[in-house]
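Data block below; observations after.
Values reported hereafter were calculated over all heavy atoms of this structure, with side chains retained and with hydrogens, waters and symmetry mates removed.
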Amino acid sequence: MNSKLPNTNTSIFAVMSQLANENNAINLSQGFPNFDVSPKLIELVNENMKRGFNQYAPMPGIIKLREIISEKTEKLYNRKYNPETEITITAGATQALYTAITALINEGDEVIVFEPVYDSYLPAIELSGGKPIFLELKGKDYKIDWNEVQKVVTAKTRMLIINSPHNPTGSVLDENDIKQLEKIVTGTNITVLSDEVYEHIIFDGKKHLSVSTSEKLAKCSIIVSSFGKTFHTTGWKIGYCVAPKELMKEFRKVHQFVVYAVNTPLQYAISEYLEDESNYLNISAMYQEKRDYFNKALKNSKFEIIPTSGTYFQLLDYTNLSQLKDTEYAEYLTKEHKVAAIPISAFYHDKIKSKVLRFCFAKDKNTLDSAIEKLLKL
Ligand SMILES: Cc1ncc(COP(=O)(O)O)c(C=O)c1O
């Protein structure tokens with residue numbers, strides 16, 4: 001077999017979740033909430049199935065959902081996307097990211113990514129014959145070094161992928177980042193692929209800075225979001241993508257042959273659920289409470305808490321606890337202390353020395369309490 005992805009192994013999320021199950025450990029590794037979905041949303045799905053919305057949706061998604069996404073984007077980020085030509089509903093963000101990369105990257109194109117990097121980007125780049133150019137986020141606040149970015153931009157740079165709020169670090173882009181990014185792309189052929197799946201999970205009064213807030217960036221960006229993250233429905237695999245018409249045209253050429261269209265009753269249900277903006281605007285407060293609860297409890301532990309400004313992940317540095325590599329320490333923690341987390345080296349292409357694990361705090365209070373009790377014993 002001549003593998004097209006010779007260096008790709010089973011995703012660390014699947015590996016750690018399986019290890020957690022085998023060892024009866026509390027699973028704070030994979031990023032999924034373990035509390036209930038809104039009964040109202042479930043009801044809407046049922047109603048729309050009973051109404052008979054069970055056949056193929058239009059290829060780019062039902063217009064009602066695209067229209068309400070257009071209104072939401074205009075209200076939050078002051079940018080109008082045409083629902084007919086500039087918005088597509090996707091089978092989760094993963095499909096949107098894969099589709100965007102496949103649609104735009106040709107053999108030999110360079111794609112700038114920042115490590116730690118979400119794991120789905122690289123295989124998609126590789127399958128398209130693209131070349132990832134790796135840069136590291138800097139410091140304990142995991143910031144982009146824009147001077148470094150400028151230095152690696154070449155005539156071959158076709159795409160730059162950003163993710164804010166950022167998985168796994170929880171760092172967020174600020175106004176200066178947006179300005180620097182504008183400078184980088186001006187006069188180039190670079191498309192920004194902006195992974196904004198955690199747009200509604202941002203803390204401490206910070207505002208999510210979508211690249212769509214910038215006129216310059218909006219013109220050359222594909223933005224991806226996920227209802228799985230916003231409505232704690234990761235198993236529904238439904239998200240969306242917005243981009244200017246010319247980019248969206250290319251996106252849809254691929255989209256139609258990857259999924260053709262996305263789950264119809266869910267699209268109707270979500271379009272109705274989005275009518276009440278509190279259903280997405282209150283998510284940050286709910287998760288901030290969980291972050292604060294988790295971190296306050298761990299203040300007296302031997303872990304160093306690395307500040308997180310968004311997402312439902314918390315990085316903990318275990319330098320004071322062990323000299324093991326992060327993969328070994330994650331395994332040890334799962335097997336011996338029954339708490340599973342993700343080793344951060346999984347988000348780097350090369351070995352790293354830092355001793356940091358990622359914990360998902362999107363869990364009910366009982367689960368968090370049990371995990372906290374075990375972590376405090378270390
Ligand atoms: C940064 C990031 N992008 C994309 C995704 C994928 O989202 P979806 O489940 O909608 O495919 C995730 C899921 O964990 C993520 O953390």
Side-chain angles (χ1 to χ4, degrees), residues 37-38 40-45 47-48 51 53 57-93 95-96 99-100 164-165 173 178 192-202 206-233 236-249 251-252 255 261-286 310:
V37 175
S38 147
K40 174 75 193 157
L41 184 52
I42 301 274
E43 211 178 282
L44 287 171
V45 175
E47 272 171 23
N48 281 294
R51 266 185 218 149
F53 292 129
M59 183 271 278
I62 66 161
I63 192 66
K64 193 168 172 223
L65 181 54
R66 287 184 277 146
E67 276 168 359
I68 199 149
I69 290 168
S70 174
E71 284 164 27
K72 171 169 103 76
T73 312
E74 188 172 12
K75 195 174 58 193
L76 293 179
Y77 309 125
N78 205 18
R79 183 77 41 212
K80 176 90 183 146
Y81 287 90
N82 182 334
E84 292 284 353
T85 52
E86 300 187 316
I87 300 177
T88 300
I89 311 304
T90 61
Q95 184 243 310
T99 301
S164 177
L173 296 182
I178 297 289
V192 176
L193 179 55
S194 186
D195 181 344
E196 302 186 11
V197 298
Y198 299 101
E199 63 177 321
H200 299 302
I201 310 179
I202 184 159
K206 290 195 169 114
K207 249 183 97 166
H208 171 59
L209 281 181
S210 170
V211 293
S212 65
T213 56
S214 149
E215 192 167 356
K216 252 188 202 157
L217 293 179
K219 280 188 186 142
C220 64
S221 297
I222 298 186
I223 302 170
V224 169
S225 192
S226 169
F227 293 119
K229 306 296 175 189
T230 305
F231 297 139
H232 351 302
T233 52
W236 291 6
K237 295 301 295 185
I238 179 162
Y240 62 91
C241 174
V242 304
K245 198 165 134 194
E246 310 72 50
L247 285 172
M248 188 52 79
K249 198 169 150 201
F251 181 93
R252 286 182 183 172
H255 171 82
V262 172
N263 189 314
T264 309
L266 292 189
Q267 293 194 51
Y268 279 98
I270 290 173
S271 68
E272 288 164 36
Y273 196 62
L274 282 170
E275 281 168 11
D276 179 353
E277 63 177 29
S278 69
N279 286 332
Y280 52 89
L281 293 183
N282 293 343
I283 309 286
S284 289
M286 184 271 286

Check whether the side chains of R252 and T88 place a donor and an acceptor atom closer than 3.5 Å, and report yes or no.
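Distance-only check passes for R252 and T88.
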Short side-chain donor-acceptor distance under 3.5 Å, Y273 and S38
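The criterion, which ignores hydrogens and geometry beyond distance, is satisfied for Y273 and S38.
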Interatomic distance, [X] atom [atom1] to [Y] atom [atom2] [nearest 0.5 angstrom]:
| X | Y | atom1 | atom2 | value |
| --- | --- | --- | --- | --- |
| I202 | S164 | CD1 | OG | 6.0 Å |
| L274 | I69 | CG | CD1 | 6.5 Å |
| K229 | I201 | NZ | CD1 | 8.0 Å |
| L173 | L209 | CG | CG | 7.5 Å |
| E86 | K80 | CD | NZ | 9.5 Å |
| I270 | I238 | CD1 | CD1 | 4.0 Å |

Determine, for K75 against E71, whether the closest basic-nitrogen to carboxylate-oxygen distance falls under 4.0 angstrom.
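Not counted as a salt bridge, because no side-chain N and carboxylate O are separated by less than 4.0 Å.
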Can you give me the closest heavy-atom contact between [X] and [Y], atom names plus distance?
| X | Y | value |
| --- | --- | --- |
| Y81 | P244 | CE2-N, 4.3 Å |
| I223 | S210 | CD1-OG, 3.8 Å |
| C241 | F251 | SG-CE1, 3.6 Å |

Using a cut-off of 6.0 Å, state whether more than 12 heavy atoms not belonging to D276 lie near its atom CG.
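Above 12, so yes.
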Check whether [X] reaches the backbone of [Y] with its side chain - one donor and one acceptor, N or O, closer than 3.5 Å.
| X | Y | value |
| --- | --- | --- |
| Q267 | I62 | yes |
| T90 | A93 | no |
| R79 | S212 | yes |

Let's go through K249 and T85 carefully: what are the C-alpha distance in whole Å and the side-chain angles of both, what is the deciding distance for side chain to side chain contact (heavy atoms under 4.5 Å, CB included) to 0.1 Å, and is it a yes or a no?
CA-CA 8 Å; K249 198 169 150 201; T85 52; over 6 Å; no
Side chains of [X] and [Y] in contact at under 4.5 Å (non-hydrogen atoms):
| X | Y | result |
| --- | --- | --- |
| K237 | V262 | no |
| L76 | L281 | yes |
| M248 | P60 | no |
| W236 | L41 | yes |
| I87 | S70 | yes |
| N48 | E272 | yes |

Please report the C-alpha distance between E277 and K72 in whole Å, then the side-chain angles of each, then the deciding distance to 0.1 Å, and finally whether the side chain to side chain contact (heavy atoms under 4.5 Å, CB included) criterion is met.
CA-CA 8 Å; E277 63 177 29; K72 171 169 103 76; over 6 Å; no
One pair to check against side chain to side chain contact (heavy atoms under 4.5 Å, CB included): I222 and V192. What are the steps and the verdict?
CA-CA 6 Å; I222 298 186; V192 176; over 6 Å; no
By the definition side chain to side chain contact (heavy atoms under 4.5 Å, CB included), identify the one residue from V224, I89, L65 that meets it with Y240.
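Of all the options given, the one that passes is I89.
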Give every residue pair that meets the side chain to side chain donor-acceptor pair (under 3.5 Å) criterion with at least one member in residues 216-228, sequence neighbours excluded.
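Side chain to side chain donor-acceptor pair (under 3.5 Å) check on residues 216-228 returns E199-S225.
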Taking salt bridge (charged side-chain N to carboxylate O under 4.0 Å, His left out) as the test, write out the residues that go with E84, two or more places apart.
none
Using the rule ring pair (Phe, Tyr, Trp, His ring centres under 6.0 Å), only one of F227, Y280, F231 pairs with H200; which is it?
Y280
Where does the angle between the aromatic ring planes of Y77 and H208 fall among parallel (under 30°), tilted (30 to 60°) and perpendicular (over 60°)?
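Rings of Y77 and H208: perpendicular, over 60°.
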